[in-house]
Protein chains: 2
Amino acid sequence: MDTENVIAATPLFQGLEKRYQKDLARIVIKQTYRRGEMIFAEGDQSKGFYIIATGRVKVFKISPEGKEQILHIFGQGEPFGEVPVFTGQPFPAYAEALAETSTLFFPRDDFIGLVRTEPSLALNMLSVLSMRLKRFTALIEDLSLKEVPGRLAAYLLYLSDRSNGANELDLEISKGQLASILGTIPETLSRILTKMTKEGLISSDGKRHIRIKDRMAIEQLANGEKRLT
Amino acid sequence: MDTENVIAATPLFQGLEKRYQKDLARIVIKQTYRRGEMIFAEGDQSKGFYIIATGRVKVFKISPEGKEQILHIFGQGEPFGEVPVFTGQPFPAYAEALAETSTLFFPRDDFIGLVRTEPSLALNMLSVLSMRLKRFTALIEDLSLKEVPGRLAAYLLYLSDRSNGANELDLEISKGQLASILGTIPETLSRILTKMTKEGLISSDGKRHIRIKDRMAIEQLANGEKRLT
DNA sequence: CGTCGACTTGAGTTAACTCAAATCATGTGG
DNA sequence: CCACATGATTTGAGTTAACTCAAGTCGACG
């Protein structure tokens, strides 16, 4: 897919006049990253933000002991690394490609100039940041107020919603990455998946496929109305 | 302080032309809340957002068992409740006045109209949301990657920074509220304060005043390079 | 078929929780 | 100004979810 088509297909740029989209296409810089490659590090100075043309990127924090907390995994058409564009401060987290990934890089000054002249772009960006705040709010709630089984249950329901209510889920990521999203470690996640299977809430092929067998119980788990025994 | 002066003194409206500030003053609705009064609840439909003229407001999540996680405490001149303005969804958290509080309420549609015509307002709002994202990122990191003593240490350093590096700190809030900010419970916080005092990192009057006695050690705690024994 | 990384399972430890009780602080009415 | 009521904080004792460390087991791929 060429640059202009990527831009046209990106939600952030919906409602933006064609000529501005063309302007954007002219200022972006294409970049590609290999699986595992670092895109930016916490503390790095920022010169702009990214949109994913193809591939996947994880944005995460890491502790001195090496435990990792994934903030979000971004896929096609999603912007990431915007925060420093508007705060003027360094990146507050790390970003790494989870697969071969190509991005469009938008230099900060050009982009801000365009925001000044295009209110719909500003409103789209406000919407993107607001959605992200909402997600983070949910993550904080999970980490602080739910136990790991509840977080996993909420995550399964989230995946199900994304594929409009399906009971057959594809995790799309490794169990290790999932543990890092849920704020736990692979051993704990593994034990909980085993328990949920034994209690008949889910079944699994042991790989990345999971079937929701008792949605009611999973919802109760996610809402803290129930616990695994 | 009258409405126009509050608006003129609010960072969000810096750089906004006088005439737009006057427009704003005309569309806002003044509201006051007593200590403990709920301003909005999670799930409520939003019609706009708030700026604090005087007083303090906590925004928080709560679990079915009643444990509370404070997302942020807002003070004079700070806007809150903006997320639903740009997502169109209900409030993702609760807001409650911590003291007698007066707010200016900005109706959504009027405000969005103004954002469309005033790029500097849009950029200011983008900056506010980005700062908030950064704070939430730090909170997620604390909850997921630090133990409670580390979170407390980070919070003390945050307070110290805010009063440009002072060693004499005023908590400004009750220990119970502080526990809720740190994602723990009052008993645990109390034990940790006792330990930190015994190890000579801080001294306290038992109330809301704390003195940093060993900043180096507190920084190490906050960075996970050290633990309480 | 062997190797490597991902995942699972087992055993032991621990930070933080719950529940209960004691103590302290503050404000009110007498 | 004192005595008590109420709420906040601290302390004690016991429990537990989730962690660490270690040892398998599984699966994909060369």
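Letters go in sequence order (proteins before strands), and every chain restarts at 1. As a basis for the values below, the full set of heavy atoms in this structure was taken, side chains included, without hydrogen atoms, waters or symmetry mates.
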A.B. asks: Test side chain to side chain contact (heavy atoms under 4.5 Å, CB included) on A/Leu156 and A/Ile202 and set out the steps.
C.D. replies: CA-CA 10 Å; A/Leu156 294 178; A/Ile202 59 170; 4.1 Å; yes
A.B. asks: Is any side-chain N or O of A/Arg227 closer than 4.0 Å to OP1 or OP2 of D/dA17?
C.D. replies: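 For D/dA17, OP1 or OP2 has a side-chain N or O of A/Arg227 closer than 4.0 Å.
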A.B. asks: Whole angstroms only, please: what is the CG-P distance between A/Leu98 and C/dA6?
C.D. replies: 13 Å
A.B. asks: Expressed as a whole number of angstroms, how long is the span from B/Glu147:CD to C/dT13:P?
C.D. replies: 18 Å
A.B. asks: Tell me, with the steps shown, if B/Phe106 and B/Phe13 meet ring pair (Phe, Tyr, Trp, His ring centres under 6.0 Å).
C.D. replies: CA-CA 13 Å; B/Phe106 294 78; B/Phe13 301 123; 5.4 Å; yes
A.B. asks: Exactly one of A/Arg162, A/Lys207, A/Arg208 should register a salt bridge (Lys or Arg N to Asp or Glu O under 4.0 Å) with A/Glu172. Which one does?
C.D. replies: A/Arg162
A.B. asks: Whole-Å distance between C/dT18 P and A/Leu145 CG?
C.D. replies: 11 Å
A.B. asks: Is it true that the side chains of B/Ser180 and B/Gln69 contain a donor and an acceptor less than 3.5 Å apart?
C.D. replies: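 No, no side-chain donor-acceptor pair sits under 3.5 Å.
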A.B. asks: Would you say A/Lys67 places a side-chain N or O within less than 4.0 Å of OP1 or OP2 belonging to D/dT20?
C.D. replies: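 Answer is no, no contact under 4.0 Å.
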A.B. asks: Is the distance between the ring centroids of A/Phe80 and A/Phe91 under 6.0 Å?
C.D. replies: no
A.B. asks: Going by atom types alone, do A/Arg215 and A/Ser160 pair a side-chain donor with an acceptor below 3.5 Å?
C.D. replies: yes
A.B. asks: Distance only, no hydrogens: is a donor on one side chain within 3.5 Å (strictly under) of an acceptor on the other, for A/Ser130 and B/Thr87?
C.D. replies: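 Per modelled atom types, A/Ser130 and B/Thr87 side chains form no pair under 3.5 Å.
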A.B. asks: Taking the side chain of A/Val148 as its heavy atoms from C-beta onward, which of D/dA18, C/dA16, C/dT8 lies nearest to it?
C.D. replies: D/dA18
A.B. asks: Could you run down nucleotides 24-30 of chain D 5' to 3' and tag each one B, S or - for protein heavy-atom contact under 4.0 Å?
C.D. replies: ----S--
A.B. asks: Can you label the angle between the B/His72 ring and the B/Phe74 ring as parallel, tilted or perpendicular, going by 30° and 60°?
C.D. replies: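 The rings of B/His72 and B/Phe74 stand perpendicular, inter-plane angle above 60°.
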A.B. asks: Do A/Leu143 and B/Leu139 have side-chain heavy atoms sitting under 4.5 Å apart?
C.D. replies: no
A.B. asks: Expected output is a numbered-order residue list: members of residues 189-197 of chain A with a heavy atom under 4.0 Å from any atom of DNA chain C. What is it?
C.D. replies: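 A/Ser190, A/Arg191, A/Thr194 - these, ordered by number, are the residues of the stretch whose heavy atoms sit under 4.0 Å from the strand.
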A.B. asks: So, under a plain 3.5 Å distance rule, would you say the side chain of A/Glu65 forms a donor-acceptor pair with the base of D/dC19?
C.D. replies: no
A.B. asks: Scan side-chain atoms only and decide if B/Glu96 and B/Tyr94 contain a donor-acceptor pair under the 3.5 Å cut-off.
C.D. replies: no
A.B. asks: Nearest heavy atom decides the nucleotide; on that basis, is B/Gln177 or A/Gly183 closer to the 5' end of DNA chain D?
C.D. replies: B/Gln177
A.B. asks: Rounded to whole Å, how long is the line connecting atom NZ of B/Lys198 with atom C1' of D/dT11?
C.D. replies: 10 Å
A.B. asks: Whole-Å distance between D/dA8 C1' and B/Leu171 CG?
C.D. replies: 14 Å
A.B. asks: Nearest to the side chain of B/Glu187, heavy atoms from C-beta on, is which of D/dA18, C/dC19, D/dC19?
C.D. replies: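 Closest nucleotide to the B/Glu187 side chain: C/dC19.
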A.B. asks: In this structure, how many angstroms lie between the C1' atom of C/dA15 and the CG atom of B/Leu152, rounded?
C.D. replies: 15 Å
A.B. asks: Reckon A/Lys146 touches a base, only the sugar-phosphate, or nothing at all at heavy-atom distances under 4.0 Å?
C.D. replies: nothing
A.B. asks: Could you give the CG-to-C1' distance, from B/Asp205 to D/dT9, as a whole number of Å?
C.D. replies: 13 Å
A.B. asks: To the nearest angstrom, how far is A/Ile210 atom CD1 from C/dC7 atom P?
C.D. replies: 12 Å
A.B. asks: Distance check: side-chain N/O of B/Thr188 vs OP1/OP2 of C/dA15, anything under 4.0 Å?
C.D. replies: no
